Amino acid sequence: MSSKNSSKQFDIVVYGATGFTGQLVAEYLAAHYKGDRDLKWAMAGRSLDKLKSVRDAIGAPAETPLIVADASDAASLKAMVDQTRSVITTVGPYQWYGEDLLAACVAGGVDYFDLCGEPVWMRQMIDKYEAAAKASGARIVFSCGFDSVPFELGAFFVQEEAKRVFGAAAARVKGRVRDMRGTLSGGTAASAKATFDAVAKDISLVAILNDAFALTPGFTGPKQPRGNRAAYEEDLGSWAAPFMMALINTRNVHRSNMLMGFPYGKEFVYDEMVLTGPGEKGEANAKKVMAVNSEKTGPNAPKPGEGPSKEERENGRYDLLYVAIAPDGRQVRAGVTGDRDPGYGSTSKMISECAICMLRDTKDVAAGFWTPGAAMQNSLIKRLQDHAGLTFRVES
């Protein structure tokens, strides 16, 4: 953290606080850090009236600072960034609304946290701004929500256990979704659609989208499983179907490996699928999952700003399995669970804790573009278990 940031008025500004997910982030900070006088945070968005009504609706103190800033007004973004040590932004699709804010954070040496699941845009931003971020002291942290925190940290956690049991990290790890209850966010659907639209306009982007190593500039590892069709997995006794978010999560896991100096090795192979159960029923379920995936970005997908009710968010959950496989076939397994629906309830807690972890627990992380897991590792796992309803456990 550059010394010029120590005199800032705020530790965190939540940008997009009047949107569906941004409101949940502000609500989480207001409730969870209520008595914490050391955390100075503000809400930002386009409309002062809307900010006031959200502040009152979430039960935030009347004196919670409000900042008017608009993605289409670079001067307002700069004025916002100048007041804070870090920004949490929930305003996506980031390829439409994100670059000016990211550029302002880079220029000001201010930390930036988003929920981005758009690999093409992320690669473009890394290429364009990484050198400037390293020079200014900014830490730019993409993908601080359900894509891709539990997956990135699940891979890290199971590899720590593999090192303990096998004496070395595993060159092969499987990430498997055992259970997921809750909806995809409207923002995630919009981001996927924006990515497909961008690729349709510029066919050269297809190569980035299809490259498992799109987020590891200068490094390409071994061929990775495609994960694009249903398959039976003998070692897990279950059918597996393609997982919609594998497209971003696998890229972030490989980036994480690179940023940490390749602790998983340079021949690391990683994929993600959804487990659908054994037998004919499992096979039928796998085919159903494939059909549902295509609907999630179609015309009936949720719109940005739309989302599940409080009850639906609180009844949601997810359960992920991580399997590290040694060359001799031995396995270690780990489970990662979350106590809210993934796209909103859990995501809003995760991005909040990523920002606080960087402020408080991992202050010495170097400037540049990061994944949350590579930057904060065990400190973030601890914080998510203590505050955000996640569990990480070794399974026999």
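Atom set for the values below is all heavy atoms of this structure, side chains included, hydrogens, waters and symmetry mates excluded. Keep in mind that what you see is a predicted model, and the values were worked out from it rather than measured.
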**OP:** Mind checking the CG-CG spacing from Asp56 to Leu51? Nearest 0.5 Å is all I need.
**Re:** 11.0 Å
**OP:** Using only heavy-atom distances, determine whether the side chains of Gln95 and Thr195 contain a donor-acceptor pair under 3.5 Å.
**Re:** yes
Subject >> From Glu130 atom CD to Asp127 atom CG, the distance as rounded to the nearest 0.5 Å >> reply: 9.0 Å
Subject >> Worked verdict on Val323 versus Val173 for side chain to side chain contact (heavy atoms under 4.5 Å, CB included) >> reply: CA-CA 5 Å; Val323 185; Val173 169; over 6 Å; no
Subject >> side chain to side chain contact (heavy atoms under 4.5 Å, CB included) between Trp41 and Thr64, worked out >> reply: CA-CA 8 Å; Trp41 66 281; Thr64 303; 4.2 Å; yes
Original post:
Is atom CZ of Arg393 surrounded by more than 12 heavy atoms (other residues, nucleotides or ligands) closer than 6.0 Å?
Top reply: yes
**OP:** Rounded to the nearest 0.5 Å, what's the gap from CZ on Arg340 to OH on Tyr318? Could you check?
**Re:** 11.0 Å
Subject >> Contact check, side chains of Arg85 and Ile12, non-hydrogen atoms, under 4.5 Å >> reply: no
Subject >> Gap separating the CG atom of Leu29 from the CD1 atom of Ile351, nearest 0.5 angstrom >> reply: 10.0 Å
**OP:** Determine, for Asp211 against Arg251, whether the closest basic-nitrogen to carboxylate-oxygen distance falls under 4.0 angstrom.
**Re:** no
**OP:** Would you mind reporting whether Arg123 and Leu215 have side-chain heavy atoms less than 4.5 Å apart?
**Re:** yes
**OP:** May I ask you to say whether Asp197 pairs ionically with Lys201, meaning some side-chain N is under 4.0 Å from a carboxylate O?
**Re:** no
Subject >> Nearest heavy-atom neighbours spanning Gly282 and Thr276 >> reply: O-OG1, 2.8 Å
Original post:
Between the side chains of Tyr322 and Tyr270, does any donor sit under 3.5 Å from an acceptor?
Top reply: yes
Original post:
So, Asp319 side chain and Thr337 main chain: donor-acceptor pair closer than 3.5 Å or not?
Top reply: no
Subject >> Min side-chain heavy-atom separation Leu39-Arg360 under 4.5 Å >> reply: yes
Original post:
Can you list the steps and then say if Asp386 with Lys382 is a salt bridge (charged side-chain N to carboxylate O under 4.0 Å, His left out)?
Top reply: CA-CA 6 Å; Asp386 289 349; Lys382 181 177 188 324; 2.5 Å; yes
Subject >> Flag, side chain of Thr347 to backbone of Pro342, donor-acceptor distance under 3.5 Å >> reply: yes
Original post:
Should the heavy atoms of other residues, nucleotides or ligands under 6.0 Å from CZ of Arg330 be counted, would the total exceed 12?
Top reply: yes
Subject >> Sole residue of Cys354, Cys105, Ser352 in side-chain contact (heavy atoms from CB on, under 4.5 Å) with Phe113 >> reply: Cys354
Subject >> Pairwise side-chain contact, Ile140 with Leu102, heavy-atom cut-off 4.5 Å (strictly under) >> reply: yes
Original post:
Between Asn228 and Met290, what is the shortest heavy-atom contact and its length?
Top reply: O-CE, 3.6 Å
Subject >> Proximity of Phe151 and Phe156 rings by center, below 6.0 Å >> reply: no
Subject >> Distance-only side-chain donor-acceptor flag, Asp70 / Ser72, under 3.5 Å >> reply: yes
Original post:
Between Asp202 and Ser204, does a side-chain hydrogen bond (donor to acceptor under 3.5 Å, both in side chains) hold up when you go through it step by step?
Top reply: CA-CA 5 Å; Asp202 179 356; Ser204 72; 2.6 Å; yes
**OP:** Return yes if a side-chain donor-acceptor contact under 3.5 Å exists between Ser256 and Thr371, otherwise no.
**Re:** yes
Original post:
Please walk me through it: do Asp271 and Arg172 pass salt bridge (charged side-chain N to carboxylate O under 4.0 Å, His left out)?
Top reply: CA-CA 9 Å; Asp271 71 329; Arg172 175 73 176 107; 3.0 Å; yes
**OP:** List the atom of Ala230, the atom of Pro242, and the distance in Å for their closest heavy-atom pair.
**Re:** N-CD, 4.1 Å
Original post:
Distance-only, no hydrogens or angles: does the Glu118 side chain make a donor-acceptor pair with backbone N or O of Pro93 under 3.5 Å?
Top reply: no
Subject >> Parallel, tilted or perpendicular, as decided by the 30° and 60° cut-offs, for the rings of Phe213 and His254 >> reply: tilted
Original post:
Ile248 and Cys116: which non-hydrogen atoms are nearest, and at how many Å?
Top reply: CG1-O, 4.5 Å
Original post:
Do NZ/NE/NH1/NH2 and the carboxylate oxygens of Glu312 and Arg181 come within less than 4.0 Å?
Top reply: no
Subject >> side chain to side chain contact (heavy atoms under 4.5 Å, CB included) assessment of Lys174 paired with Leu321 >> reply: CA-CA 8 Å; Lys174 295 180 176 186; Leu321 170 67; over 6 Å; no
Subject >> Pair Arg333, Gln331: side-chain N/O donor-acceptor within cut-off below 3.5 Å >> reply: yes
Subject >> Close side-chain approach of Tyr94 and Thr89, heavy atoms under 4.5 Å >> reply: yes
Original post:
If you measure from OG1 on Thr84 to CD on Gln9, what distance do you get to the nearest 0.5 Å?
Top reply: 9.0 Å
Original post:
Are Thr90 and Tyr15 close enough that a side-chain donor and a side-chain acceptor fall under 3.5 Å?
Top reply: no
Subject >> Aromatic Phe196 / basic Lys193 pairing, under 6.0 angstrom, 45° off normal >> reply: no
**OP:** List the steps and the verdict of ring pair (Phe, Tyr, Trp, His ring centres under 6.0 Å) for Tyr344 and Phe146.
**Re:** CA-CA 8 Å; Tyr344 295 100; Phe146 187 62; over 10 Å; no
**OP:** Please tell me if the side chains of Val177 and Glu272 come closer than 4.5 Å, counting only heavy atoms from C-beta onward.
**Re:** no
**OP:** Answer yes or no: are there more than 12 heavy-atom neighbours, outside Lys50 itself, under 6.0 Å from its atom NZ?
**Re:** no
Subject >> Parallel, tilted or perpendicular: ring planes of Phe219 versus Phe262, cut at 30 and 60 degrees >> reply: tilted
**OP:** Establish, from distance only, whether the side-chain atoms of Asn252 and Glu152 form a donor-acceptor pair under 3.5 Å.
**Re:** no
Subject >> For the student: nearest non-hydrogen atoms of Val13 and Ala44, plus distance >> reply: CG1-CB, 3.6 Å
Original post:
Quick one: which of Asp179, Asp339, Asp341 gives a side-chain hydrogen bond (donor to acceptor under 3.5 Å, both in side chains) with Arg317?
Top reply: Asp179
**OP:** Could you tell me how the ring of Tyr28 sits relative to the ring of Tyr33: parallel (under 30°), tilted (30 to 60°) or perpendicular (over 60°)?
**Re:** perpendicular
Original post:
Got a second to check how far Gln377's CD is from Phe157's CZ, nearest 0.5 Å?
Top reply: 14.0 Å
Original post:
Below 4.5 Å, heavy atoms only, C-beta onward: do Ser346 and Leu390 meet side chain to side chain?
Top reply: yes
Subject >> Carboxylate-amine/guanidinium contact Glu353 Lys349, below 4.0 Å >> reply: no
Subject >> Heavy-atom side-chain contact between Met43 and Pro65 under 4.5 Å >> reply: no
**OP:** Begin from the C-alpha positions of Ile356 and Arg383 and carry the test side chain to side chain contact (heavy atoms under 4.5 Å, CB included) through to its verdict.
**Re:** CA-CA 9 Å; Ile356 291 169; Arg383 188 162 271 286; 3.4 Å; yes
Original post:
With distance as the sole criterion, is a donor-acceptor pair present between the side chains of Ser148 and Asn249 under 3.5 Å?
Top reply: yes
Original post:
Taking the six-membered ring for Trp, is the centroid-to-centroid distance between Trp121 and Phe142 below 6.0 Å?
Top reply: yes
**OP:** Output yes when Arg164 and Glu160 qualify as a salt bridge under the 4.0 Å nitrogen-oxygen rule, no when they do not.
**Re:** no
